[in-house]
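Read the structure below first, then the notes.
Quick note: numbers below take in every heavy atom, side chains included, and nothing from hydrogens, waters or symmetry partners. Quick caveat: nothing in here was measured; it's all calculated off a predicted structure. Numbering starts at 1 and runs along the sequence shown.
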Amino acid sequence: MRQILPLILIAFLVAAPVFAVSGFSVTLGEATSSNPSYKSAVMDYFKAKTDKDLQSADIKIVTASEVNEVSRGVTGHVYAPSQILSCAMVDLSYSDGIKVSVDTSKIRVVTPEMYASALRSSGIDRGYVVVTSPVPASGEAALAGVLKSYEIAVGEQIPEEAKRVSVEEIYLQSRLVNETNATGDRVAELFDEVKNRTQSQNLQDPADIQRVVVDVSQQMNINLTETQVQQVADSVAASQRVQGSLTEFKQRLEGVSQQVGGSGILDQIYAFLQSIYNYIMGIASP
């Protein structure tokens, strides 16, 4: 038995990282976090959108400086701490692709499909995402909180370039909604289809990607100017370029999703202890 105990200890140490992963996180904009009534309203909204105990979630604050690190280079806009209000919840136990729920009473421009499309540009293709704000907001800046929620839930940083590409995409999509009168979901569908064709055909030449944009936009009856075609093509090309840097994050995302998407943590621990017990009894048996 003394010889077996070290093996059990080693097994626990090996399994500990698995049991430590929650895959469940919440980010609060710093202006929301510092306002008790705002924070309470947001947390109540999240509670209504999940059957999980929010006490088990990793809760972090998104600051203006974090948002500005990306947005400054994309739009030139610099946010004050009082403007960081949007909040996000991410649950990786959702195993059927990616599902985004947006509080449309507060988030006025960015739609679920727009978020999902931008997230896919950061290598994110799974999880349940909820986005809200205590006051009306356009929703573009909320993407920073969603990305941070994923980093917390996964335990792995998203490369800065990939985050920048996602933020650029969400702002471009929002502009196209205003400029073309197409719905947000239709614009997101346009981006996804162009991405899919570009990837399946392994297109590298910008001119080839532009032709795909023109073809898809015509099929969808979305009228784009030459400048807009160029902007969409550049955005999709940038998304394709950063995918190679996302290998480690994607692998970690898949691993954590599989861990938390199966049986509950107590079930996993029970099964693990049961296997140890069976092993010990097998050795002790004559």
Would you say [X] and [Y] make side-chain contact, with heavy atoms under 4.5 Å?
X    : Y    : value
E30  : V62  : no
F24  : D53  : no
S86  : T132 : no
M43  : L28  : yes
D58  : V26  : no
Q243 : K195 : no
K106 : V135 : no
I158 : I124 : yes

Has [X] got more than 12 heavy atoms of other residues, nucleotides or ligands less than 6.0 Å from its [atom1]?
X    : atom1 : result
N223 : CG    : no
K250 : NZ    : yes
D205 : CG    : yes
E226 : CD    : no

So, the side chain of [X] versus the backbone of [Y]: is there a donor-acceptor pair under 3.5 Å, distance only?
X    : Y    : answer
Y38  : S133 : no
T32  : L85  : yes
S40  : P36  : no
Q201 : T198 : no

Taking all heavy atoms of [X] and all of [Y], pick out the closest pair and write down the distance.
X    : Y    : answer
S245 : P159 : O-CG, 3.4 Å
T27  : S149 : OG1-OG, 2.9 Å
R186 : M220 : NH2-O, 2.7 Å
P136 : R108 : CB-CD, 4.0 Å
S93  : V260 : CB-O, 3.4 Å
A153 : V256 : O-CG1, 3.7 Å

What's the separation between atom [atom1] in [X] and atom [atom2] in [Y], rounded to the nearest 0.5 Å?
X    : Y    : atom1 : atom2 : value
Y128 : D96  : OH    : CG    : 13.5 Å
S65  : Y79  : OG    : OH    : 14.0 Å
Q230 : L224 : CD    : CG    : 12.0 Å
Q157 : K148 : CD    : NZ    : 9.0 Å
I59  : L54  : CD1   : CG    : 6.5 Å
K52  : D91  : NZ    : CG    : 3.5 Å

**Request:** Kindly indicate, with the supporting measurements, whether the criterion side chain to side chain contact (heavy atoms under 4.5 Å, CB included) is fulfilled by I170 and V110.
**Result:** CA-CA 8 Å; I170 206 81; V110 184; 3.7 Å; yes
Can you tell me if [X] and [Y] form a side-chain donor-acceptor pair at under 3.5 Å?
X    : Y    : result
Q210 : D208 : no
Q231 : R175 : yes
Q228 : E179 : yes
S117 : E169 : yes

Do you know which of [options] makes side-chain contact (heavy atoms from CB on, under 4.5 Å) with [X]?
X    : options          : answer
V130 : S101, P112, C87  : S101
V90  : V129, V154, L147 : V129
S174 : V109, V187, T111 : V109

**K60/E151 salt bridge by N-O under 4.0 Å criterion** = no
**Item:** Lys/Arg-Asp/Glu bridge criterion (N-O < 4.0 Å) met for D215, R197
**Value:**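 The answer is yes: the pair qualifies as a salt bridge.
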**Asked** Between T50 and M89, is a side chain to side chain contact (heavy atoms under 4.5 Å, CB included) present by the stated rule, with each step listed?
**Response** CA-CA 9 Å; T50 182; M89 179 180 74; 3.9 Å; yes
**Request:** Begin with the C-alpha distance, continue with both residues' side-chain angles, and end with the deciding distance and a verdict on side-chain hydrogen bond (donor to acceptor under 3.5 Å, both in side chains) for D185 and T183.
**Result:** CA-CA 5 Å; D185 286 348; T183 66; 5.8 Å; no
**Item:** side-chain hydrogen bond (donor to acceptor under 3.5 Å, both in side chains) partner of R120, the single match among D125, D192, N196
**Value:** D192
If hydrophobic clusters are built from ILVMFWY residues whose side chains come within less than 4.5 Å, do [X] and [Y] share one?
X    : Y    : answer
L92  : V100 : yes
I107 : V42  : no
Y94  : L253 : no
I61  : Y150 : no
I152 : V167 : no

**Request:** Kindly indicate, with the supporting measurements, whether the criterion side-chain hydrogen bond (donor to acceptor under 3.5 Å, both in side chains) is fulfilled by S121 and S166.
**Result:** CA-CA 6 Å; S121 290; S166 290; 5.1 Å; no
**Prompt:** Mind checking what makes salt bridge (charged side-chain N to carboxylate O under 4.0 Å, His left out) contact with E161, not counting sequence neighbours?
**Reply:**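 Salt bridge (charged side-chain N to carboxylate O under 4.0 Å, His left out) list for E161, sorted by chain: R164.
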**Request:** Run the numbers on N202 and Q204 for side-chain hydrogen bond (donor to acceptor under 3.5 Å, both in side chains), then give the verdict.
**Result:** CA-CA 6 Å; N202 193 27; Q204 306 293 329; 3.0 Å; yes
**Prompt:** Does the pair L143 and Y171 meet the rule for a side chain to side chain contact (heavy atoms under 4.5 Å, CB included), with working shown?
**Reply:** CA-CA 10 Å; L143 183 61; Y171 275 97; over 6 Å; no
**Message:** Is there a side chain to side chain contact (heavy atoms under 4.5 Å, CB included) between V146 and V131? Walk through the geometry before answering.
**Reply:** CA-CA 8 Å; V146 177; V131 183; 3.8 Å; yes
